[in-house]
Amino acid sequence: MIWFDKCNPFPVLIYYVAVTALSAVFNNPYYTAVLLVSAVAAFVMCRGRLRAALSFCVVFLLTFIVNPILSKKGATPLLFFGDSPVTLEAIVYGLNSAALITAVMFLFYVFTKTVDSEKLLYLLSPFSAAAAMTVSAVLRFAPLYVRQAKVISDQQKALGFQGGQSIPARLRSGARVFSALSTWALENGITAADSMACRGYGTGKRSFYSFFPFKPSDRVFIAAELLLTALCAVPAILFDCSFNYYPNIEPPAMSVPLAVSFTAFSLLSFLPVIFEITDRIKWKYLLQKI
Amino acid sequence: MEILTAKDLSFTYAKSDVPALSGVSFSVSEGQFVTVCGPTGGGKSTLLRLIKKEMTPAGTTSGELLFRGVPVAELSLRQSAESIGFVVQRPEEQIVSDRVGGELLFGAQSLGYDRERAMRRAAEIADLFGFTGRFSDRTSELSGGRKQLLTLASTLLTSPSLLLLDEPTSRLDPVASADLISMLVRINRELGVTVIVAEHDTSRLLSVSDAVMFMEGGKITAFGPPEEVLSERPSDAVLSDMPTPVRLFFDTGVQGTCPLDVKAGRRVFSGYTESKPDGERKSGDPALQIEHVYYRYDRGGSDVLRDASLTVNRGEIRFIFGGNGCGKSTLLHCAAGLYKPYSGKVKLFGKKPSEYGDGELYGGCVSLLCQDVSGAFTYETVGDQFRGADLSGLPFDVTPLFGRHPYDLSGGELQIAALCLALLSHPRLLLLDEPTKGMDASLKKKFSEALSSLASAGVAIVIVSHDTELAAQCADTCSMMFDGGIVCTAPTGEFMRGNAFYTTDVCRMTGGGAI
Amino acid sequence: MRVIENEKARTAIRIAVPAILTGAALACAFFASDGRKYVVITVICALLALLLFAAGFDRRRIGSRRLVLGAVFAALAVAGRFIPLLKPLTALVIISGVYTGAETGFLVGATAVLVSNVWFGNGPWTPMQMVSLGLIGFFAGVLSPLLKKGLAPMLIYGAVSGVFYSMFMDIWTVASATGSVSLAEYGDALYHAAPFTVSYALANVLYLFLLAPPFGRKLQRIADKYGL
């Protein structure tokens, strides 16, 4: 997903918020299915790991089971679990929720791959400079502490201070390493804070420079997603397009507004994939010219 | 025009009765390069911290300290942040952003510079320091030397006119510290920034300084151009921190002007010779055998150790030299059995590390002190760490340190306390990684004597270091490491004479006549 | 990219917009009779609460030391998750709230979750987790005079916050799995999650027992040494 990677983080964030919110509000298996397919396509395009995909499938199965067990609604009992009924409606509903959650897991996997810490800060900065500063410092400190914890535990081991392999002994030595790490971290933290003060932190309003320009393609992306979101949401608000599960499964009647909404949603979900493919074609064409 | 003037300046820390600075007077002109030196606790660091009001510790000040005619305490925080830069000892601690760009622009952002002003300055500074195109690199992936340069670059972004540095090279290897100092000289000469450096190791600083300041016991004992100050013999404590040419000049009593660096020293000492045994391999049983070892951190990574072989006998002191990232520390970790090589053999006293029983390996066979020895201390006082231990056989008396917190010790004291911890189990093989960091010359001498007496008791000692002077004092043999392997091993004298860079200054000046 | 130049107006908007939207979202939750939009509403509420906090937090200038101290705590909480057998996240959030104040406590809780999820996986549940741990830190700060009195109040607070965290996150579990939040289903979910709830509470008590006293001493030392 090179195109998505190079995109300004704001439209990317809007995309995620829009598709997850819309599909959750509609809660319609057809919408959910489209979202799942597009999420898997994005996952494949960003070269997601097979192991991650397998773990999402496990999540799918688990969520699918939860609803029929918990929910006692629905008019069509298929089998009984002790004395509680498992209904067809609850199964269908569970299938939809499971697919929705799995789609969101796939989407967030892609999100985590495209929105790195730098972009996260960029997204956070307009809301709160202090919070962004804190997150930036945490992002710097956390890996540093993980490394230092290893250094301390190696050093302790090499001096023969580490106890045996039993669980209480390991817990004790873990706590000792963590305690030493904390002393180190607090001590260094003060130096870091003083160095921030030396460089003028807190003397006035902090300015913010973005390294992510708004390219023309980002504007197109924003415009497209806002338009599609509106096209998807407005017909659904004006006309009743809701999918009823209980007591009996009742899909909304086919109508023009529903068709518009569904088409807009499908286009919106596939927007990054579409942009990625056109971008690939464009580059192929550009390369031929070069 | 004076940029900084002190008149009868005194300072006493909040919880102390003894003044850390007493009656200090001096003035520094605009554009000068000043080196402050003297023993630990002499007041160098305190003086620098008084000049930068954000760093001033709790305590009482008397006398006057003026920055461009304005008392330092009356500068606004903004003025102080903008016009006085401060760089501390450990670069790792000063960096607060996870990316190079964020760190570089930190000061400009804090002072609310607009984008154009900040980026213009950032472009210049990044080009000067070689950070162009590296803005989105992670700061954690930079080497120690680059980290220190980044801190310096970030400090310079707001165009300070005075730059203060508190022992900036004490954590760096010789190559990186030479880089840093040549950058400081450029900043001083090309940008006109006044620079004040407090440092133990003055070997590269003395010849580039416009003035040196000797501080001892909270007082300035001498201040002026280096040639002038060194026209007579300084006190022993100050002399021990001076570069080798200066020390040799006063020790040998040669006539003429005092040479400030190796280049000048060559003229004075070219015919000088001194007979000293070369050192030799000890013929005891092998204590550590490393045979064709290969190691990498993960399967996809590149080899850190590549066909490394090394044998150290009982009673031998072996130094290993080599640039940063050549695998020295990894080799020590493998020797201590902490890392398992994927190919090749490591044997300690004829047995593989895995053949030792639980608690046997680190309870009398081998001890390792890593580069950052603070990891050895997990309690709140030094005394707690030694609780119940038998202190009789230790080479240093650590009991005076018992009441103190490990982080309140000086660098040298911390190293000594850690060495004693490592000796508690009476190891037969001692592995040390840069053990003399933060030690002043007199402590270093005691340290090398302690190592020699351990070795004569049959302990094998392997030291990874950049400290050629220490090696010349106590090593039997030295090895050179390069690109994951040991490329040569020789008795110390032969090793030093054969090298151009990893050798002592004396050896360089005398062309091998002495080491 | 500054749309509104006036500083005060911008702050006002930053606070007002999430505040109004939170109200609107809550109103929707009450009046949406088909009870199907709970997932969206919970997530939106959580997000808005975070924005509201962030905007308020920015208005108060906090010194570099307090900010870094917060970052150190959050980073320790994240790093602690990598040490075998040690999961000190909630315990550290509580300690930081007690010693560095309510706002910093919230900030530590929220950022610790956000950053550790960079490694352990962000998702739509992230805002909920951020809010719940943030609140745990916040109330630790509010109750700080009480909690500082001894280890026992601290341990009790740890147990209570373990239960609170589990109950709070179960709202999300129920909303996302069944689409509606009826009391019966919520009760059922709480019943099924009881073992987890108990383990959260016990873990918090254990880690607070291990960590709170040494951290108190460490922070006292830092305060003495550097004059905080």
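Per chain, numbering begins at 1; letters A, B, ... match sequence-line order.
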Would you mind checking which part of [X] comes under 4.5 Å of any heavy atom in chain A, side chain (CB onward), backbone (N, CA, C, O), both or neither?
| X | answer |
| --- | --- |
| B/Leu369 | both |
| B/Gln385 | side chain |
| B/Ser136 | both |
| B/Ala336 | neither |
| B/Phe377 | backbone |
| B/Ala108 | both |
| B/Leu157 | neither |
| B/Val366 | backbone |
| B/Val88 | side chain |

Name the option with the most non-hydrogen atom pairs under 4.5 Å to chain A; the candidates are [options].
| options | result |
| --- | --- |
| B/Gly375, B/Ala422, B/Ser110, B/Ala81 | B/Ser110 |
| B/Ser80, B/Gly359, B/Ser140, B/Ser425 | B/Ser140 |
| B/Leu421, B/Thr155, B/Leu105 | B/Leu105 |

Working for side chain to side chain contact (heavy atoms under 4.5 Å, CB included), residues A/Asp194 and B/Glu54: CA-CA 7 Å; A/Asp194 286 346; B/Glu54 295 92 327; over 6 Å; no
Residue among A/Ile101, A/Val44, A/Val40, A/Leu35 satisfying side chain to side chain contact (heavy atoms under 4.5 Å, CB included) with A/Phe106: A/Val40
Which portion of A/Thr191 sits near chain B, non-hydrogen atoms under 4.5 angstrom: both
Toward chain B, the part of A/Leu139 with a non-hydrogen atom under 4.5 Å: both
A/Asp5 side chain to A/Ile2 backbone, donor-acceptor under 3.5 Å: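 It does not hold such a pair.
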Donor-acceptor contact below 3.5 Å, side chain B/Arg121 vs main chain B/Thr158: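 No, the answer is negative, given that no donor and acceptor are paired below the 3.5 Å cut-off.
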CA sep, side-chain torsions, deciding dist, call: A/Arg199, B/Ser154, side chain to side chain contact (heavy atoms under 4.5 Å, CB included): CA-CA 8 Å; A/Arg199 286 179 283 168; B/Ser154 168; 2.5 Å; yes
Choice from A/Ala180, A/Ser195, A/Gly160 maximising heavy atom contacts with chain B below 4.5 Å: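 Heavy-atom pairs under 4.5 Å are most numerous for A/Ser195.
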Ring-face cation contact, B/Phe86 with B/Arg49, 6.0 Å cut, 45° max: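 No - B/Arg49 does not lie over the ring of B/Phe86 by the 6.0 Å and 45° rule.
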Parallel, tilted or perpendicular, as decided by the 30° and 60° cut-offs, for the rings of B/His405 and B/Tyr407: tilted
From B/Tyr297, B/Tyr295, B/Tyr339, residue fulfilling side chain to side chain donor-acceptor pair (under 3.5 Å) relative to B/Thr330: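 It is B/Tyr297; the other options fail the test.
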Step-by-step side chain to side chain contact (heavy atoms under 4.5 Å, CB included) determination, A/Phe270 to A/Ile277: CA-CA 11 Å; A/Phe270 279 97; A/Ile277 291 172; over 6 Å; no
Check: B/Arg99 and A/Ser136 side chains under 4.5 Å, non-hydrogen atoms: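 Side chain of A/Ser136 against side chain of B/Arg99, heavy atoms only: no contact under 4.5 Å found.
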